[in-house]
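The chains referred to below are lettered A, B, ... by the order of the sequence lines, with proteins before strands, and numbering in each begins at 1. In this text the structure is predicted, and so the values were computed from the model without any measurement. Below, all heavy atoms of this structure are taken into account, side chains as well, without hydrogens, waters or symmetry copies.
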Number of protein chains: 2
Amino acid sequence: MAEANSKEEYVVGVDLGGTKILAGVFDSSLECIGTTKVSTKAQRGVEVVTERIARCVQDAIDEADLSLNLVVGVGVGAPGAVDFEAGTVIFAPNLEGWKDVPLKKQLEKHLGVPVFVENDANIAVLGVHVAELKSKPKNLVGIFVGTGIGGGLIINGEPYSGFNHTAGEIGHMVIDVNGPKCGCGNKGCFEAVASRTAIFQRIKAGVKNGEKTLLTDMLGDGLEDLRSGDLRKAIRRGDKFVSKVIEETAEYIGIGVANLVNILGPDVVVLGGGVMEALADEMMSLIIKTAKEHAMPGTIKGVEIIASKLGDSAGITGGAVLAKRQTKPKG
Amino acid sequence: MAEANSKEEYVVGVDLGGTKILAGVFDSSLECIGTTKVSTKAQRGVEVVTERIARCVQDAIDEADLSLNLVVGVGVGAPGAVDFEAGTVIFAPNLEGWKDVPLKKQLEKHLGVPVFVENDANIAVLGVHVAELKSKPKNLVGIFVGTGIGGGLIINGEPYSGFNHTAGEIGHMVIDVNGPKCGCGNKGCFEAVASRTAIFQRIKAGVKNGEKTLLTDMLGDGLEDLRSGDLRKAIRRGDKFVSKVIEETAEYIGIGVANLVNILGPDVVVLGGGVMEALADEMMSLIIKTAKEHAMPGTIKGVEIIASKLGDSAGITGGAVLAKRQTKPKG
């Protein structure tokens, strides 16, 4: 199969999340030619999840009408602390039992091709930098707002991960020292006030306190299966309560952006992740306005604050970029 | 004069502050051989301050028994946004009327030697990195706590200043979004809760509310001429109120450190500035404890958090390092 393209070399990017695994096959010009998605089933344990990743990769390759022997490398973004050199996931808070998992080694055993593992936000910012922004920004901050908030940094044109390979852990930047409790045990972390988790908590607390919202008509009083897209639908139908919660969230994100601009002086700040994908139209102008109010005038002048167009594909794209960089082209 | 050392080349570092100007002459091994200090007299206007800087430099050279023709360059740290290439101070909030001041050009006219101007925190972290830490840390965050809070970054071994040359503007990182008002107009900036200004405000507010403190015995009820050193004296004499304020401040600084460790993943965080110079013994252990509680465990593992030993000399030392780097050694 794929006889005509037999000289072409392909890479696969994988985005391992707490609820789903996404895999995409990319050609040498980083065009995506096939994707698959499976649920993570984290509760079934590390081994099952690892097998599911391998299967997802194989399915994506099949989806693209290719075979594994045309794939030169696989890049995986994992939601936690990663030892890139060793290829292990040191700790992934949203994946049950994931502590010192030798993911690279195990996937290579399953797939028989070189595998590279990185933190998911680092990989996503790499994907945005190379594939979406054509490597133009010298210094880039990526903010990915989903269940939590992850960040990735490009400094002087290259991915930057610092001493413990953990730089960009922006979700636990405290911005409201007396604010709501975070999963990490502290109060007022960025992700405790501005992630999807924080948004849903505020909405559910509001409903309990008698706030009226279209969401209960749509989903029932328990708001089960609430998704970011539901918030967008509610806002577009005129839901004032949801609008207010999303405005507050946009302000928090704007303050987070301002902090990062003040500290890092990037050329570009790019926002991505599921919440941004669903609600960028509703949030971006207020995020930019709040960031400009909170950053020092000299620091934010000329800095671009944009929403990524890659959406959910940032992770798999970055995985592909990583795999492409790490594998030398053959004959 | 200085006949025996006539082949030696000297540089001068200048620390331009809101209240005082410090100049130091350094030999080629970065040993300080003479310093002078004059008050800034910012209210007298830009021209007078510029002349005072020039005089301070000349006095320091005289103090070291040298003459200007043995000096190859002068490095100046200015408290604000600086355009390094142009050598202008774009804006210095604590210096009346300092907007787009061509400081390099004017000082070169006065002194007849090359002058280099940088942001004061950038220069201080350069001084600490090169002279105190022997350029060992690959990634270093400097936090300077004084009237305000300034920051400087070394990334991959080199000073990092980002897109607008303003990176490290950590004093306006929001950490308490509903906290006290900052000079910049926002609420709960790092320097609004943890600078000397913030400490003094809390102490004065406490005294107004009837808190008992030895400071009023020492300085009168108005607490005029209160200095950081007075706080240290009061604490060592058992002043519980001042101890409590300084403990709160150390906790805020620890949270700021944690944020920067989470974001930047440095090998070393170094704390300096007047407040640290006076109160490091009282604050450091609580700063480190709080930072460890607030940073992600994986990000802070092995990260050194230290107080600079350069104290008030960090600025002039950094100025000397800058001047040395920018001027090529002559025959």
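For Tyr252(B), the part lying near chain A is the side chain, with the backbone staying farther off; criterion is any non-hydrogen pair under 4.5 Å. If you measure heavy-atom distances from Tyr160(B) to chain A, the contacts under 4.5 Å come from the side chain alone. Neither the backbone nor the side chain of Phe91(A) has a heavy atom closer than 4.5 Å to any heavy atom of chain B. With a threshold of 4.5 angstrom between heavy atoms, Ile175(A) approaches chain B through its backbone and through its side chain. Proximity to chain A is absent for every atom of Val193(B), based on heavy atoms less than 4.5 angstrom apart. Residue Lys301(B) touches chain A through both its backbone and its side chain, counting heavy-atom pairs closer than 4.5 Å.
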Between Phe84(B) and Gln326(B), does the side-chain contact (heavy atoms from CB on, under 4.5 Å) criterion hold? Intermediate values first, please. CA-CA 12 Å; Phe84(B) 176 74; Gln326(B) 294 290 327; 3.6 Å; yes
Run the numbers on Arg202(B) and Thr249(B) for side-chain contact (heavy atoms from CB on, under 4.5 Å), then give the verdict. CA-CA 10 Å; Arg202(B) 281 206 289 276; Thr249(B) 307; 2.7 Å; yes
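Your options are Ile90(A), Asn186(A), Leu153(A), and the one with the most heavy-atom pairs under 4.5 Å with chain B is Asn186(A). Interface summary for chain B: among Ile300(A), Thr166(A), Asn156(A), the most heavy-atom pairs under 4.5 angstrom belong to Thr166(A). When the candidates Asn259(A), Ile155(A), Asn178(A) are compared by the number of heavy-atom contacts under 4.5 Å with chain B, Asn259(A) comes out ahead. Between chain A and the options Gly185(B), Gly256(B), Cys182(B), Gly162(B), heavy-atom pairs under 4.5 Å are most frequent for Gly162(B).
Counting heavy atoms from C-beta on, the side chains of Met276(A) and Ser308(A) never come closer than 4.5 Å. In this structure, Asn139(A) and Leu264(A) have side chains that are not in contact, with every pair of non-hydrogen atoms separated by 4.5 Å or more. With a 4.5 Å cut-off on side-chain heavy atoms, Glu304(A) and Leu133(A) do not count as touching. Leu16(B) has its side chain out of reach of Asp120(B): every pair of non-hydrogen atoms, C-beta onward, lies at least 4.5 Å apart. Between Ile305(B) and Met284(B), some side-chain heavy-atom pair lies under the 4.5 Å cut-off.
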